[in-house]
Amino acid sequence: MNQINDFKIKSKRYTGGWSSFLQEWMILILFVVMVTIFALTSPTFRTTNNIMNVLRQASFIAIIAMGEFFVILTGQMDMSISSIIGMVSIFFAGFAVSMGLPVWIAVVLALLMAVVVGLVNGLLVVYGKMPSFIGTLVTMNVIKGIYFIYSGGLPISGLPESFNFLGAGYVGLVPFPVILMLIIAVILSIIAQHTSFGRSIYAVGGNIEAAKLSGINVKFVGIFVFIICAVLTGIGALGLTARTLSGNVMLGENLLFDVMTIVVLGGTSLSGGRGRIVGVVIGALFLQVISNMMILVGISTYWQWVVKGAILVAVVLIDANTKRE
């Protein structure tokens with residue numbers, strides 16, 4: 001009985017009561033229930049190969065979503081991630097194949113390009129006072145124009161076979177992308193939850209005026225979260241490129257919707273100030289498990305879009321009603 005009472009006290013201190021505690025971890029509860037049901041009803045779903053495939057497929061989009069998480073945590077939004085993915089993919093391949101640069105140099109240059117885009121996004125929003133939706137939408141179209149001019153819309157293939165390890169390699173039975181995702185998630189979780197910079201991000205998203213009064217450099221935070229988002233998007237783009245060993249400007253098409261769904265599904269508030277990295281990872285796995293199961297039972301891609309759209313509407317409505325309460 002004492003242990004139960006202690007747990008109740010801790011949960012109250014943690015989130016403000018049982019209802020908040022359950023609300024915050026509802027996605028994990030639903031995920032466990034869903035996986036259990038699918039595993040019991042589908043022999044194919046519970047095979048080791050399929051489970052590893054689900055984890056691998058979710059890995060790089062989860063990394064990209066972690067970047068978007070930091071932007072949304074401040075109450076902003078980055079619409080340019082699809083174009084950043086295409087840009088990093090095609091220019092990395094161009095550097096490595098067309099220009100013949102070593103892979104590691106091509107990686108550094110491609111990620112530096114992502115940093116520049118993140119910096120521009122941050123400056124437009126923080127100093128240009130542009131709504132993040134509009135500012136990053138403009139950036140998205142400019143980037144798209146640049147990489148289409150560069151590539152003519154054609155893929156660049158011929159990347160070295162060794163680079164494929166990043167996107168499809170294994171360490172024992174575990175796909176390397178899964179290990180990379182977990183490492184990044186742990187590092188980012190520590191930064192978000194246990195550093196002054198992480199607490200500053202939450203403070204800016206929760207109440208920017210109060211954050212200013214407390215001495216937080218809100219402009220630096222506002223710009224830096226866009227840079228974090230761009231770099232993580234670049235890492236995700238490199239991983240997706242490694243799977244096919246081909247740079248492709250279309251690589252990021254249709255991923256923005258999935259990323260937004262994952263972040264919100266993971267419990268991050270669109271108004272900022274609330275969310276956790278672990279929720280983003282669970283959200284990515286949740287969405288990938290649903291997609292995987294629909295593929296296994298033969299449901300078309302079009303119906304998958306409908307289901308994902310319905311999920312996004314549901315979680316946004318829940319978030320909106322939570323704020324009113």
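The shortest side-chain heavy-atom distance between Gln57 and Asn292 does not fall under the 4.5 Å cut-off. Taking the side chain as every heavy atom from C-beta outward, Asn50 and Leu296 approach each other to under 4.5 Å. The closest side-chain heavy-atom distance from Val307 to Met294 is below 4.5 Å. Counting only heavy atoms from C-beta outward, the side chains of Leu188 and Val280 never approach each other to under 4.5 Å. Put simply, the side chain of Phe133 does not reach to within 4.5 Å of the side chain of Gln76, judged on heavy atoms. Between Phe165 and Val171 there is a side-chain heavy-atom pair separated by less than 4.5 Å. Residues Met34 and Ile290 meet the side-chain proximity criterion, which asks for heavy atoms closer than 4.5 Å. Put simply, the side chain of Leu255 reaches to within 4.5 Å of the side chain of Leu240, judged on heavy atoms.
For Ser214 (side chain) and Ala211 (main-chain N/O), a donor-acceptor pair under 3.5 Å exists by modelled atom type. Not one N or O on the side chain of Asn207 forms a donor-acceptor pair closer than 3.5 Å with the backbone of Ala203. The backbone N or O of Ile37 lies less than 3.5 Å from a partner atom in the side chain of Thr41, making a donor-acceptor pair.
Among all heavy-atom pairs drawn from Met181 and Ala62, the shortest one is SD-CB, 3.7 Å. Of all heavy-atom pairs between Val225 and Val71, the closest is O-CG2, 3.5 Å. Contact detail for Gly167 and Pro177: the closest heavy-atom pair is O-CG, 3.4 Å. Annotation for Gly236 and Ile63: closest pair N-CG2, 4.4 Å, computed over non-hydrogen atoms. In this structure, Pro160 and Val103 approach most closely via the heavy-atom pair CG-CG2, 3.5 Å. Scanning all heavy atoms of the two residues, the minimum distance from Leu180 to Ile235 falls at CD2-CG2, 4.5 Å.
In this structure, Tyr150 has its ring center closer than 6.0 angstrom to the ring center of Phe91. Taking the six-membered ring where the residue is Trp, the centroids of Phe197 and Phe224 are separated by under 6.0 Å. In this structure, Tyr170 has its ring center no closer than 6.0 Å to that of Phe176.
Residue Leu173 qualifies as open at atom CG: its count of foreign heavy atoms under 6.0 Å is 12 or below.
Rounded to the nearest 0.5 Å, atoms CD1 (Ile84) and SG (Cys229) are 6.0 Å apart. Here the OG-CE distance, from Ser189 to Met66, works out to 9.5 Å after rounding to the nearest 0.5 Å. Of the inter-residue distances, the one linking Met77 atom CE with Ile72 atom CD1 reads 5.5 Å to the nearest 0.5 angstrom. For the atom pair CD1 of Ile81 and CD1 of Ile143, the computed distance is 11.0 Å after rounding to the nearest 0.5 Å.
Residues Thr44 and Ser42 bring no donor and acceptor atom of their side chains to less than 3.5 Å of each other. Side chain to side chain, Ser80 and Asp78 meet the donor-acceptor criterion of an N or O pair below 3.5 Å.
The side chain to side chain contact (heavy atoms under 4.5 Å, CB included) with Phe226 is formed by just one residue from the set Val231, Leu119, Thr136; it is Thr136.
The side chain to side chain donor-acceptor pair (under 3.5 Å) search around Gln193 returns Tyr202, not counting sequence neighbours. Contacts of Glu161 classified as salt bridge (charged side-chain N to carboxylate O under 4.0 Å, His left out), with partners at least two apart in sequence or in another chain: none.
Met140 and Ile149 fall into different hydrophobic clusters, where Ile, Leu, Val, Met, Phe, Trp and Tyr residues are linked whenever their side-chain heavy atoms come under 4.5 Å apart, directly or through other members.
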